[in-house]
Amino acid sequence: MKYQSLRGMKGILPEETPLWQIIEKTCDKNFQRFNYHEIRTPVLEMSDLFTRAVGGNTDIVSKEMYSFVDRGNRKVTLRPEATAAVVRACLQHNLISKDKLTKLFYFGPMFRYERPQAGRYRQFHQVGIETFGSASPAVDAETILLAVKIFRDLGLSDLEVDINSVGCNKCRPNFTQNLKHYLKGSIVKMCEDCHKRYQHNTMRVLDCKKPKCQHIIEEAPSTVDFLCDECRVDFESLLYILKNLGINFKVNKRLVRGLDYYTKTTYEIVSNVLGAQNAVCGGGRYDKLVSDLGGPEVPAVGFAIGLERLVEILKTTKALSSKPQAITLYFAPLGDKAKISAIEYLHKARQAGISADMDYFGKKLKAQLKNADRLGALYALILGDDELSRNTVILRDMISSSQTELSFEEALKKIK
RNA sequence: GCGGCCUUGGUGUAGAGGUAACACAACAGAUUGUGGUUCUGUCAUCAGGGGUUCGAUUCCCCUAGGCCGCCCCA
């Protein structure tokens, strides 16, 4: 094979697209009900945007970005996530302001240069939402509810919702200090990665899954134990609202997400059928991001759903077969003259709103009917010299195998 | 970025150091203009490159890609 798609990049083939369409429709429906509006941003942005928003020490920025210098000598990056780009667009076009709720959703490809494996691709797709303008935990709850609702509508109810609070600028430094203090004695016994985390992003040490680090972390303080009054109250009311809404969730004190911009609420929705890459949805609050990017102090919450993973879950648990759509009518012309007429008839049928196709190969009638059958056509229209001279067509009902000779107009009426 | 396994026709598989088997799909045919059954035929030089060998698709190396784990995340 001379050419193949780039590593970690796979297309979505016709066999799978119906499933994607089901997901997209389900999302659209719910977004509309929750009053979210679509935004589409470019896939390419200035590299600085992501470095600033996501954080220079995060894995995404330090080793996973698709960056290059363009012909105008600009450092650009294929977006590794959408939030930064959405915030940029909102600031550029003045879409957000304090005390006004702006609710946006997006859908599209993201790019991360990682080692591919099941459920992890270098180009992958996310649907997500961003809500700007409110610091109320009720909005956090709404976003979680929306995600859960989408999964439920797709027939998935056994997903696990993990929630945590990582605090805000006021209480996080306090926590970090405490954590550093706690780790000071044992850090030498921990892994190399943890040493780095200890220096640059101490909180992320909590995320380490290595056994030798695990048992040190187990006893470590958690963010929730150091929340300031505001963060604690917000976190508690979020949990309260979720309980009231009947959403099953688990407080996971070790859930520390890998993007620097999160404050207060962080959450993840995981599935047990995905293997190592088990998160289908990740989200949280980011109250400082808008101002960090040069905008006003506007709080925000959002989530992103990984579509490849969602498709994978649907395929394994629901066995949602995605059948190709069938057509209604198939034309079987016999001979060149008939072919010319068939093209006209075909056009008329389509204008009348009927999904129709025809044989362009000049195949034998047998082969044409076989094709009609395979395409799932309800009717075949046979058009030979005899019918042509009589100005009629043969309408064959592919299900009952009965057929009649009649004018094309009559045939159309019957089909409709 | 690290480690392990893997790569045969459109798909799923078999195979041995001496020049590829099976199933499904596809296409064609089984006398004249009729489908979903049956029968017959056609369809690969074994990811790419290099090496060992009288000879490799089967052995070795490199590259690319896939899968699994780590890391991280969606």
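Protein chains get the first letters and strands the later ones, always in sequence-line order, with residue 1 at the start of each. From a predicted model like this one, the values you see are computed outputs, not experimental measurements.
Residue contacts shown for A/Leu334 include a base, since a base heavy atom lies under 4.0 Å away. Base contact: A/Met398 has a heavy atom under 4.0 Å from a base atom. As judged by a 4.0 angstrom heavy-atom cut-off over every strand, A/Glu387 is placed among the base-contacting residues. Counting non-hydrogen atoms under 4.0 angstrom, A/Ile394 reaches a base of the nucleic acid. Within the 4.0 angstrom heavy-atom criterion, no nucleotide atom of any strand lies near A/Gln368.
Considering only residues two or more places apart in sequence or on other chains, A/Phe408 meets the ring pair (Phe, Tyr, Trp, His ring centres under 6.0 Å) condition with A/Tyr345.
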Would you write out the dot-bracket form of RNA chain B, 5' to 3', with Watson-Crick and G-U pairs under 3.5 Å, [ ] for crossing pairs, | for pairs to other strands and . for unpaired bases? (((((((..((((.......)))).(((((.......)))))....(((((.......))))))))))))....
List, one per line, each side-chain donor-acceptor pair under 3.5 Å for residues 74-81 of chain A, sequence neighbours excluded.
{"unit_1": "A/Arg74", "atom_1": "NE", "unit_2": "A/Asp70", "atom_2": "OD2", "d": "2.9"}
{"unit_1": "A/Thr77", "atom_1": "OG1", "unit_2": "A/Ser47", "atom_2": "OG", "d": "2.6"}
{"unit_1": "A/Thr77", "atom_1": "OG1", "unit_2": "A/Ser67", "atom_2": "OG", "d": "2.8"}
{"unit_1": "A/Arg79", "atom_1": "NE", "unit_2": "A/Pro109", "atom_2": "O", "d": "2.8"}
{"unit_1": "A/Arg79", "atom_1": "NH1", "unit_2": "A/Thr41", "atom_2": "O", "d": "3.3"}
{"unit_1": "A/Arg79", "atom_1": "NH1", "unit_2": "A/Thr41", "atom_2": "OG1", "d": "3.2"}
{"unit_1": "A/Arg79", "atom_1": "NH2", "unit_2": "A/Pro109", "atom_2": "O", "d": "3.0"}
{"unit_1": "A/Glu81", "atom_1": "OE1", "unit_2": "A/Tyr261", "atom_2": "OH", "d": "2.4"}
{"unit_1": "A/Glu81", "atom_1": "OE2", "unit_2": "A/Thr83", "atom_2": "N", "d": "3.4"}
{"unit_1": "A/Glu81", "atom_1": "OE2", "unit_2": "A/Ala84", "atom_2": "N", "d": "2.9"}

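Scanning atom types as modelled, no donor and acceptor separated by under 3.5 angstrom connect the side chain of A/Glu64 and the base of B/G1. Side-chain N/O atoms of A/Gln403 and base N/O atoms of B/U34 include a donor-acceptor pair closer than 3.5 Å.
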Set out, line by line, the N/O atom pairs under 3.5 Å between protein and nucleotides 25-28 of chain B.
{"unit_1": "B/A26", "atom_1": "OP1", "unit_2": "A/Arg374", "atom_2": "NH1", "d": "2.6"}
{"unit_1": "B/C27", "atom_1": "OP1", "unit_2": "A/Arg374", "atom_2": "NH2", "d": "3.2"}
{"unit_1": "B/C27", "atom_1": "OP2", "unit_2": "A/Arg374", "atom_2": "NH1", "d": "3.1"}
{"unit_1": "B/C27", "atom_1": "OP2", "unit_2": "A/Arg374", "atom_2": "NH2", "d": "3.3"}

Close N or O pairs between protein and nucleotides 64-67 of chain B (under 3.5 Å):
{"unit_1": "B/G66", "atom_1": "OP1", "unit_2": "A/Gly8", "atom_2": "N", "d": "2.8"}
{"unit_1": "B/G66", "atom_1": "OP2", "unit_2": "A/Arg7", "atom_2": "NE", "d": "2.8"}

Taking only N/O atoms, report every protein-nucleotides 5-11 of chain B pair under 3.5 Å with atom names and distance.
none

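Salt bridge annotation for A/Asp153-A/Lys29: present, with a cationic side-chain nitrogen under 4.0 angstrom from a carboxylate oxygen.
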